[in-house]
Amino acid sequence: MNIAIIEDNPVESNRLNDIINNWSKSKKVKNDIFTYSSAEAFLKANKTIPKLSVIFLDIEMSGMSGIELAHNLRNMNYDGEIIIITAFREYVFQGYNVHALNYLLKPAEPVSIGKCLDDVYKKSLSEVYTYHFRSDVISIPFADIICFVSNLHNVDIVTADKTYSEHKSFGEVVNNLPSTFVQVHRSFVVNLAHVYSISKNTIKLSNGTEASIGRSFAKDLSTKFINYSTRLD
């Protein structure tokens with residue numbers, strides 16, 4: 001998961017960072033944490049960081065307040081979670097106004113933070129493919145996956161940046177994918193969001209990959225691609 005901490009007190013920021021890392025290790029969940037000492041610093045870097053699952057947000061900061069930043073984020077269509085952390089109980093109702101997941105009083109207890117992270121992680125599982133490699137568990141957003149390819153006893157998970165290989169049956173993968181994924185061949189499943197073009201017998205994807213369309217899959221592919229394209233109009 002991608003997590004941001006926006007806190008102007010370095011002691012509190014480091015403490016929160018440690019709690020999140022301890023939770024990640026105990027749950028074996030990979031995370032990347034981005035820390036900022038002000039709302040302005042976060043907004044300046046916002047375009048260069050990955051999509052965030054959750055933001056831990058202090059309220060009382062010099063310059064732009066946390067509540068003001070939260071309103072700005074919602075106006076910018078940020079749909080991830082916001083967890084407000086503050087020393088002031090009176091801000092709790094303002095947290096509701098920005099649809100915060102939770103409101104924690106400083107110093108926030110590890111158990112309370114862990115429960116919040118559990119909720120965020122459970123929600124993220126419905127939006128990501130959970131890839132297992134040895135003792136590691138990596139969450140890959142479905143939106144980033146271009147296709148799944150059967151490769152002997154493994155399944156290749158292809159993204160624009162990297163291809164992951166997992167020892168799993170192809171059928172097990174296919175049966176647990178969202179509706180935006182469609183099988184086009186007995187060993188090939190594509191993400192409709194990454195389809196560049198479809199000809200009579202060939203499909204071309206956003207990364208330039210081309211695959212043959214199996215005869216028995218052609219009608220289902222055509223129907224689902226038309227429905228998907230119409231939904232985006």
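Nearest heavy-atom pair across F42 and A4 is CE1-CB, 4.3 Å. Taking every heavy atom of both residues into account, I5 and S13 meet most closely at CG2-OG, 3.9 Å. Closest approach of S37 to D8, counting heavy atoms only: O-CB, 3.2 Å. Here the closest heavy-atom approach between residue C116 and residue L104 is recorded as SG-CD1, 4.2 Å. Residues S139 and V128 share a closest heavy-atom pair of CB-CG2, 3.8 Å.
Applying the side-chain hydrogen bond (donor to acceptor under 3.5 Å, both in side chains) criterion to Q183, with sequence neighbours excluded, gives no partner residue. Listed by chain and number, the residues in a side-chain contact (heavy atoms from CB on, under 4.5 Å) with H167 are H153, N154 (sequence neighbours excluded). For the side-chain contact (heavy atoms from CB on, under 4.5 Å) test, residues two or more places apart in sequence or in another chain that qualify with K168 are Y129, E166, E172, V173. Legend: residues meeting ring pair (Phe, Tyr, Trp, His ring centres under 6.0 Å) with F170, ordered by chain and number and at least two apart, are absent. The side-chain hydrogen bond (donor to acceptor under 3.5 Å, both in side chains) check on T209 picks up N207, with sequence neighbours excluded. F188 is linked by a ring pair (Phe, Tyr, Trp, His ring centres under 6.0 Å) to nothing, counting only residues two or more places apart in sequence or in another chain. Listed by chain and residue number, N191, Y228 satisfy the side-chain contact (heavy atoms from CB on, under 4.5 Å) test with A193 (two or more places apart in sequence, or in another chain). Shown here are the ring pair (Phe, Tyr, Trp, His ring centres under 6.0 Å) partners of F56, two or more places apart in sequence or in another chain: there are none. Residues satisfying the side-chain contact (heavy atoms from CB on, under 4.5 Å) test with T159, not counting sequence neighbours, are I140, I145, D161, K162, Y164.
Evaluated for a salt bridge (Lys or Arg N to Asp or Glu O under 4.0 Å) with K106, the options E12, E60, E7 yield exactly one hit, E7. Among the candidates N9, T86, I6, the single residue satisfying the side-chain contact (heavy atoms from CB on, under 4.5 Å) test with M61 is I6.
Under the 4.5 Å side-chain heavy-atom criterion for ILVMFWY residues, no single connected hydrophobic cluster contains both L16 and V111. Under the 4.5 Å side-chain heavy-atom criterion for ILVMFWY residues, no single connected hydrophobic cluster contains both Y131 and L152. Residues M76 and I67 share a hydrophobic cluster, clusters being chains of Ile/Leu/Val/Met/Phe/Trp/Tyr side chains in contact below 4.5 Å.
Using a 4.5 Å heavy-atom threshold, the side chains of L43 and M64 count as touching. Between V137 and T130 there is a side-chain heavy-atom pair separated by less than 4.5 Å. By the 4.5 Å heavy-atom criterion applied to side chains, I3 and F34 are not counted as neighbours.
Note: I83 CD1 to D119 CG = 8.5 Å, rounded to the nearest 0.5 Å. D156 contributes atom CG, which lies 8.5 Å from atom OG of S150 (distance to the nearest 0.5 angstrom). Between the CG atom in L52 and the CD1 atom in I33 there is a gap of 11.5 Å [rounded to 0.5 Å]. Summarising the geometry, atom CG belonging to L73 is positioned 7.5 Å from atom CG belonging to L57; distances are rounded to the nearest 0.5 Å. One finds the CD1 atom of I85 at 8.5 Å from the CZ atom of R15 (value rounded to the nearest 0.5 Å). Atom CG of L117 is separated from atom CD1 of I19 by 9.5 Å, given to the nearest 0.5 angstrom.
Of the possible polar contacts, one joining the N14 side chain to the P10 backbone as a donor-acceptor pair under 3.5 Å is found.
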Could you walk me through whether L177 and F148 satisfy the side chain to side chain contact (heavy atoms under 4.5 Å, CB included) test, starting with their C-alpha distance in whole Å, then the side-chain angles of each, then the deciding distance to 0.1 Å, before giving a yes or no? CA-CA 10 Å; L177 293 176; F148 292 87; 3.6 Å; yes
For N102 and I84, run side chain to side chain contact (heavy atoms under 4.5 Å, CB included): C-alpha distance rounded to whole Å, both residues' side-chain angles, the deciding distance at 0.1 Å, then the answer. CA-CA 6 Å; N102 212 328; I84 290 175; over 6 Å; no
Give the C-alpha distance, both sets of side-chain angles, the deciding distance and a yes or no for side chain to side chain contact (heavy atoms under 4.5 Å, CB included) between V149 and C147. CA-CA 7 Å; V149 184; C147 60; 4.0 Å; yes
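Evaluation of the salt bridge (charged side-chain N to carboxylate O under 4.0 Å, His left out) test over residues 16-29, restricted to residues two or more places apart or in two chains, returns K27-D118.
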Show every donor-acceptor pair shorter than 3.5 Å between a side-chain atom in residues 196-206 and any protein atom, with sequence neighbours excluded, or say none if there are none.
residue	atom	partner	partner atom	Å
S199	OG	T202	N	3.3
S199	OG	T202	O	3.2
S206	OG	H194	ND1	2.8

Could you give the side-chain donor-acceptor pairs of residues 211-226 under 3.5 Å, partners two or more places apart or in another chain?
residue	atom	partner	partner atom	Å
D220	OD2	K224	NZ	3.3
T223	OG1	K219	O	3.1

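Looking only at atom types and distance, the side chain of S53 has no donor-acceptor partner in the side chain of N2 under 3.5 Å away.
A salt bridge does not link K115 to E109: none of the charged side-chain nitrogens sits closer than 4.0 Å to a carboxylate oxygen.
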